[in-house]
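The structure appears below as structure tokens.
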Amino acid sequence: MNLLICTNNSHKVQEISGFFKGYEIKSFKDLAGFKAPEETSLFFQGNALLKATAGYKASGELSLADDSGLEVYALGLKPGVFSSRYAGENATDMANNEKLLKRLKGEKDRRARFVSVLALVGSKKVLVVTGIVEGVILEEPRGDNGFGYDPLFYIPELDKTMAELTLEEKNRISHRGRALVKLAEKLKSY
Ligand code: IMP
């Protein structure tokens, strides 16, 4: 069985692939001449469906998209769907993290959550699930694993940032991991 993971982000492909043992995995990078759709929705669900639908139309294969981001309570749940573009179009993770730290300078309420919405589009039906993990934004980065805001996202119960977890540990507790568990359950009757 083939599965197209609708992203150019190799970290997401790595995290998601582990949940689909036995599938032949491809990503947007494997579709010659394909241009990923613009993420025009203000909602994770909208963008996940945009990406999964575009992938399915281009490949004809079962297509899974993740739209995810960081919601910071003191910032009115920003950057949200703009997480990858927080410091500008094509911003690096470092630039996004620096902007976040600047915005939170002197802020006492550092609570935040990661949200992942997964959309699966295939020949039969469309599935959409959401996963969330709550945490706290540190004042400086810790850890070298993962990507994006992981080094700033501290999980009190584990006394670690997301970037201090192995891939397996991250998948057990992360927003994406939690959404993938829900998706696997729904897939049983797909
Ligand atoms: P998307 O590819 O448009 O869904 O953007 C997702 C963005 O949200 C990433 O580029 C990161 O900035 C952030 N993000 C989502 N999931 C994670 C994660 O697991 N760790 C760290 N940052 C994440």
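In what follows, residues are counted from 1 in the order of the sequence shown. When a ligand or atom number is given, it counts from 1 through the structure's own listing order.
Side-chain atoms of D66 never come within 3.5 Å of backbone atoms of L118 as a donor-acceptor pair (strictly under, hydrogens ignored).
Counting heavy atoms of neighbouring residues, nucleotides and ligands inside a 6.0 Å radius, atom NZ of K78 does not exceed 12 of them. When the shell of 6.0 Å around CD of E139 is examined, it contains 12 or fewer heavy atoms from other residues, nucleotides or ligands.
Using a 4.0 Å heavy-atom criterion, the residues that approach ligand 1 are K12, E39, K51, D66, D67, S68, G69, S83, S84, F114, F147, G148, Y149, D150, K170, H175, R176.
Taking the six-membered ring where tryptophan is involved, the planes of F34 and F28 are tilted, since the angle between them lies from 30° to 60°.
Cluster membership for L100 and F153, using ILVMFWY side-chain heavy atoms within less than 4.5 angstrom, is shared.
Side-chain contact between L64 and I16 is present, with at least one heavy-atom pair separated by less than 4.5 Å.
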